[in-house]
Number of protein chains: 2
Amino acid sequence: MPTDVGHEIADALGTLLKRSTREQIYRRLTEGLGEAVDEVTYPVLSGLARTGPRSAAGLADEIGLDRSGVTRRATRLEEAGLLRREPDPADRRATLLALTEAGRAAIETTRQRLAAHIEDSLASWPPGEAQTFARRLHRFVNHGPFTG
Amino acid sequence: MPTDVGHEIADALGTLLKRSTREQIYRRLTEGLGEAVDEVTYPVLSGLARTGPRSAAGLADEIGLDRSGVTRRATRLEEAGLLRREPDPADRRATLLALTEAGRAAIETTRQRLAAHIEDSLASWPPGEAQTFARRLHRFVNHGPFTG
DNA sequence: CATATTGCGTGCGTCGCGCACGCTAGACTT
DNA sequence: AAGTCTAGCGTGCGCGACGCACGCAATATG
């Protein structure tokens, strides 16, 4: 029960990033999406859903992976019918990665399900606290100690 | 910019668990500890610091890893002088994993440094908000949607 | 005393990753 | 216009981490 803010957050992060916790979260994140979607491929789908069709290099930058990794994941997702490669009309060497309808539907469904699960679990919190927490967490993750 | 609590938290978690973010956090978590300590071995040290000397099996359970993994990490840390194996006086097949003084010092130093970094980054938050956030985060991680 | 069980450590196969290379296509120089 | 340089993608290779299954030693059980 540290009264120290920094330590409390640090410990929470440690727990959150542990393999077991991480895999449990991802298992739920990818539940029912078929075996093509897992901890590794999820960020590809998620990234594409956020930004729309995109080159492999750009996507690699965003999810912090080597381009070769993106290529391989994309191939797996392509074979599963969740993603398609389309030639960039403006640049004939580039290939745009885009979600198929199935891909979009899959990730959207799971996002909904996960969000519902989280909200259920937070239903016992005092009213308003969950909203505040969500905003703070968002701020912490996107503009906090690890993102400059 | 979802007003939806569940989605906002889900997205934040997604970002947080991305490889790039994760590795950045761990890089800072293990900064200056020598190359024996990294994303993989850190939970071993952290777990031992929390619970004291412990059997490999028990530790494996806690950090959600196979026993073989714990064995290997322990060996690495042992060679680096951060951990020592001592026979369990009560059971001669068991080996207790315990931090050495160097191990304890190393992880303590880093915990301090990380906590300070986090607090620095949160210094611009309105007074009290950081404390509240830390408590909520702790609750979310340890008694939230993914820990029953 | 014989058998089953527990606890560790190790060999093996699998998987994900980064790096470096080759190939194609566009950009730039002269 | 031709030659060279750069950008973008995919693939082969080696590395490291992991889980599984086995063997060995020690304890529990009947």
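In what follows, chains are A, B, ... by sequence order, proteins preceding strands, each numbered from 1. Keep in mind that what you see is a predicted model, and the values were worked out from it rather than measured.
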Is any side-chain nitrogen or oxygen of A/Arg67 closer than 4.0 Å to OP1 or OP2 of D/dG10?
no
The residue, A/Leu65 or A/Asp91, whose nearest nucleotide of DNA chain C is more 5′ is A/Leu65
Distance test, side-chain N/O of B/Arg76 to OP1/OP2 of D/dA17, below 4.0 Å:
yes
Considering only heavy atoms and no angle criterion, is a donor-acceptor pair shorter than 3.5 Å present between the side chain of B/Arg93 and the base of D/dA25?
no
Have A/Arg72 and A/Ser68 got a donor and an acceptor in their side chains that come within less than 3.5 Å?
yes
Mind checking whether A/Trp125 and B/Phe140 have parallel, tilted or perpendicular rings, split at 30° and 60°?
perpendicular
In whole angstroms, how far is the C1' atom of D/dA17 from the NZ atom of A/Lys18?
18 Å
Rounded to the nearest Å, what distance is computed from the CG atom of residue A/Leu77 to the P atom of nucleotide C/dG16?
12 Å
Calculate the interatomic distance between A/Leu96 atom CG and D/dA7 atom P; express it in whole Å.
19 Å
To the nearest Å, give me how far apart CD (B/Glu23) and P (D/dA17) are.
12 Å
Do A/Ser68 and C/dC19 have a side chain to base donor-acceptor pair shorter than 3.5 Å?
yes
Can you tell which of C/dG9, D/dG10, C/dG7 lies closest to the side chain of A/Arg85?
D/dG10
N/O (side chain, B/Arg72) to phosphate O (OP1/OP2, D/dG16) under 4.0 Å:
no
Flag for B/Ser46-B/Arg111: side-chain donor and acceptor within less than 3.5 Å:
no
Distance only, no hydrogens: is a donor on one side chain within 3.5 Å (strictly under) of an acceptor on the other, for A/His7 and A/Asp11?
no
For the pair made of CG in B/Leu59 and P in C/dG7, what is the distance, rounded to whole Å?
14 Å
Going by atom types alone, do A/Arg85 and A/Thr75 pair a side-chain donor with an acceptor below 3.5 Å?
yes
Of D/dT27, C/dG18, D/dC18, the nucleotide closest to the side chain of B/Arg92 is D/dT27
DNA chain D: A/Thr75 or B/Val40, which has the more 5' nearest nucleotide?
A/Thr75
What does A/Ser55 touch in the nucleic acid at a heavy-atom separation under 4.0 angstrom: a base, only the sugar-phosphate, or nothing?
sugar-phosphate
Grab the CG-C1' distance between A/Asp66 and D/dG14 for me, whole Å please.
14 Å
For B/Glu39 and C/dG16, give me the distance from atom CD to atom P, rounded to whole Å.
16 Å
Between D/dC18 atom C1' and A/Arg19 atom CZ, what is the distance in whole Å?
7 Å
